[in-house]
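None of these values were measured; they are calculated from a predicted model.
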Amino acid sequence: MHRSAEKLRRKKGRTSMPASQHGPHVEIRVERLEHCTVLSVVGEFDFEATPMFYAHIDGAWPSDQEGPRVVIDLHEVRFCDSAGLGALVYAFNQVTSAKGRLLLAAVPPHLRRRMRISGLERHLQSRETVEQAVKELCEP
């Protein structure tokens, strides 16, 4: 686990309800903090991983909650294909259609390059660290 994410959980007023699910080459972890949800993608974010990711995004916040705030931690993504990029677009669309906000965090250089080439970098906001994203979205 990322040390800084561990620190965030210890701060007063935050609760963590860890959940994770493993696929063939990916693990998706979900942490529900007091005011937002952090999804961490670990491994290969490809066609085989996307159904699991969609399920986690669809359940990332209570259905009656408006304005969900979601951080997607990508620092441990080793590979991402077009299906993974499509999943990030899906996440953005789901969160924004619920009048919420989504930030990507710790995007690795290989994925940042794919996002730049595809034009997604202009639409998907990111922060250098998970801490920055959580601070911006999750603190009241």
Side-chain angles (χ1 to χ4, degrees):
M1 176 175 297
H2 201 261
R3 272 190 221 151
S4 47
E6 197 173 312
K7 247 194 223 177
L8 290 170
R9 268 192 248 110
R10 290 187 203 150
K11 285 190 176 183
K12 188 175 178 172
R14 293 204 169 110
T15 60
S16 177
M17 297 172 19
S20 66
Q21 186 171 357
H22 298 271
H25 306 286
V26 71
E27 179 181 357
I28 298 175
R29 300 180 193 134
V30 180
E31 295 180 65
R32 287 178 174 77
L33 304 176
E34 189 174 352
H35 297 286
C36 72
T37 301
V38 179
L39 273 78
S40 299
V41 181
V42 179
E44 297 179 12
F45 197 19
D46 59 12
F47 180 77
E48 290 181 7
T50 56
M52 186 184 342
F53 180 81
Y54 293 149
H56 281 295
I57 282 294
D58 290 343
W61 62 90
S63 59
D64 61 341
Q65 178 187 358
E66 270 202 44
R69 294 177 265 176
V70 178
V71 173
I72 301 177
D73 174 8
L74 299 167
H75 87 275
E76 292 186 82
V77 171
R78 292 187 308 267
F79 172 79
C80 182
D81 65 8
S82 60
L85 291 177
L88 294 176
V89 171
Y90 176 84
F92 174 79
N93 289 336
Q94 292 298 99
V95 171
T96 57
S97 70
K99 299 179 176 69
R101 186 150 176 236
L102 176 128
L103 284 177
L104 305 180
V107 181
H110 66 88
L111 181 50
R112 187 170 300 282
R113 182 176 183 272
R114 281 185 173 269
M115 289 174 57
R116 186 177 59 252
I117 290 169
S118 67
L120 289 178
E121 195 174 54
R122 291 176 295 192
H123 304 285
L124 299 174
Q125 294 182 3
S126 66
R127 300 297 176 262
E128 289 297 315
T129 67
V130 175
E131 295 77 22
Q132 289 171 338
V134 167
K135 184 175 182 178
E136 184 173 329
L137 284 190
C138 302
E139 294 185 358

Shortest non-hydrogen separation from Val130 to Ala105 and the atoms involved = CA-CB, 3.7 Å
What residues form a side chain to side chain donor-acceptor pair (under 3.5 Å) with Ser126, not counting sequence neighbours?
-> Arg112
Kindly write out the residues that satisfy side chain to side chain donor-acceptor pair (under 3.5 Å) with Arg78, not counting sequence neighbours, or none if the list is empty.
-> none
Which atom pair, heavy atoms only, marks the closest approach of Asp73 to Ala106?
-> OD1-CB, 4.1 Å
Kindly compute the distance separating CG (Leu111) from CG (Asp81), expressed to the nearest 0.5 Å.
-> 10.5 Å
Backbone N or O of Ser40 within a donor-acceptor pair of the Arg29 side chain at under 3.5 Å?
-> no
Check whether Phe79 and Met115 end up in the same hydrophobic cluster, where Ile, Leu, Val, Met, Phe, Trp and Tyr are linked by side-chain heavy atoms less than 4.5 Å apart.
-> no
Is there a chain of hydrophobic side chains (I, L, V, M, F, W, Y, each step under 4.5 Å between heavy atoms) that links Leu88 to Val42?
-> no
Salt bridge (charged side-chain N to carboxylate O under 4.0 Å, His left out) against Glu136, all qualifying residues, sequence neighbours excluded = Arg101, Arg127
CZ of Phe45 to CE of Met52, rounded to nearest 0.5 Å, is 10.0 Å
Flag, side chain of His110 to backbone of Val77, donor-acceptor distance under 3.5 Å | yes
Nearest non-hydrogen partners of Leu39 and Phe53, listed with the distance | CD2-CE1, 4.2 Å
Sequence neighbours excluded, which residues qualify as side-chain contact (heavy atoms from CB on, under 4.5 Å) partners of Asp58?
-> Tyr90, Gln94
Would you call Val26 and Val41 a side-chain contact if the rule is heavy atoms closer than 4.5 Å?
-> yes
Closest non-hydrogen atoms of His35 and Cys138, given as atom of the first, atom of the second and distance, are CB-O, 2.9 Å
Determine the minimum heavy-atom distance between Leu137 and Val71, stating which atoms define it.
-> CD1-CG2, 3.8 Å
What closest approach, in Å, do Leu124 and Phe92 show between heavy atoms, and which atom pair accounts for it?
-> CD2-CB, 3.5 Å
Those residues at least two apart in sequence (or on a different chain) that pass side-chain contact (heavy atoms from CB on, under 4.5 Å) with Ser118 are Leu85, Leu120
From CD1 (Ile28) to CD1 (Ile72), nearest 0.5 Å | 9.5 Å
Please name all residues satisfying side chain to side chain donor-acceptor pair (under 3.5 Å) with Thr37, sequence neighbours left out, ordered by chain then number.
-> none
ILVMFWY network linking Leu104 to Val89, side-chain heavy atoms under 4.5 angstrom = yes
